[in-house]
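The structure presented is a predicted model; accordingly, all values stated were derived computationally and were not measured.
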Amino acid sequence: MSATDLIEWSDEFSVGIQEIDEQHKVLVGLLNQLHKAIREHHGRATSREILGRLAEYTRTHFLLEESLMRLTHYPGLEIHKQQHQDLMHQVEALQHKVDTENVAISFELLHFLRNWLVQHINDSDKRFGAHFRKAGLAPYANWSKDVEKTMKKKKWWWKFW
């Protein structure tokens, strides 16, 4: 963890499903990038660009989680999905304010996003992880060796994420 990090990934955040955990690590990384940009006064445009990437990646991540929940008949899907929608509405409202009202992204917002992510992982996502294992899907929670090897290679198209 560097001095500019807002949050450090810890295995304590693991929900036991590798793809979800890997995506959570990306979200943590994007939050840290945004924190660094604000701390180092990189400017509104840079912070807004990172916030946009964070919002887009979050949407993608939420779609994966909700898809896995539908496939496993997770009884908490609707509540979980509503939590996702509520956060995205708040982020979209912030993006609108930054774009139209010249509002700066604040440390208060960063701490809100950090706390939301940590609480959501430790509560809602871990509950789904337990459901996933209880449904007998634990053998599918981790990537195969081939997938692991492929995912560790940097791809040309990753620059768009």
If you measure from [atom1] on [X] to [atom2] on [Y], what distance do you get to the nearest 0.5 Å?
| X | Y | atom1 | atom2 | result |
| --- | --- | --- | --- | --- |
| Ile38 | Gln33 | CD1 | CD | 12.0 Å |
| Lys36 | Asp5 | NZ | CG | 9.0 Å |
| Arg127 | Ile121 | CZ | CD1 | 13.5 Å |
| Ser124 | Glu65 | OG | CD | 9.0 Å |
| Glu19 | Leu64 | CD | CG | 5.5 Å |
| His80 | Asp123 | NE2 | CG | 9.5 Å |

Would you indicate whether [X], at its atom [atom1], is surrounded by more than 12 heavy atoms from other residues, nucleotides or ligands within a distance under 6.0 Å?
| X | atom1 | answer |
| --- | --- | --- |
| Glu12 | CD | no |
| Lys126 | NZ | yes |
| Ile79 | CD1 | no |
| Gln119 | CD | no |

Side-chain touch [X]/[Y], heavy atoms, less than 4.5 angstrom:
| X | Y | value |
| --- | --- | --- |
| Thr58 | Leu27 | yes |
| Phe128 | Leu68 | yes |
| His35 | Leu31 | no |

For the residue pair His131 and His73, is the inter-centroid distance of their aromatic rings smaller than 6.0 Å?
-> no
Taking the six-membered ring for Trp, are [X] and [Y] parallel (under 30°), tilted (30 to 60°) or perpendicular (over 60°)?
| X | Y | answer |
| --- | --- | --- |
| Trp9 | His24 | tilted |
| His84 | His61 | tilted |
| Trp116 | His120 | parallel |

Check side-chain contact (heavy atoms from CB on, under 4.5 Å) between Glu92 and all other residues, then give those that pass, not counting sequence neighbours.
-> Arg59, Met88, His89, Gln95
Pairs of donor and acceptor atoms involving the side chains of residues 105-113, under 3.5 Å and at least two apart or interchain, shall be tabulated with distances.
unit_1: Ser106; atom_1: OG; unit_2: Glu108; atom_2: N; d: 3.3
unit_1: Ser106; atom_1: OG; unit_2: Leu109; atom_2: N; d: 3.2

Apply side chain to side chain contact (heavy atoms under 4.5 Å, CB included) to the pair Leu87 and Phe62, showing each step before the final yes or no.
-> CA-CA 11 Å; Leu87 177 68; Phe62 287 170; 3.9 Å; yes
If you look at every heavy atom in [X] and [Y], which pair is closest and at what distance?
| X | Y | value |
| --- | --- | --- |
| Arg53 | Leu30 | NH1-CD2, 3.9 Å |
| Thr46 | Ala37 | CG2-CB, 4.2 Å |
| Ser47 | Leu34 | O-CD1, 3.4 Å |
| Leu77 | Glu66 | CD1-O, 4.0 Å |
| Arg133 | Ala138 | CG-CB, 4.1 Å |

Any salt bridge between Glu78 and Lys81, counting N to O under 4.0 Å?
-> no
Would Asp21 and Lys25 pass as an ion pair if we require N to O under 4.0 Å?
-> no
For Leu6, does its backbone N or O pair with a side-chain atom of Asn32 as donor and acceptor, under 3.5 Å?
-> yes
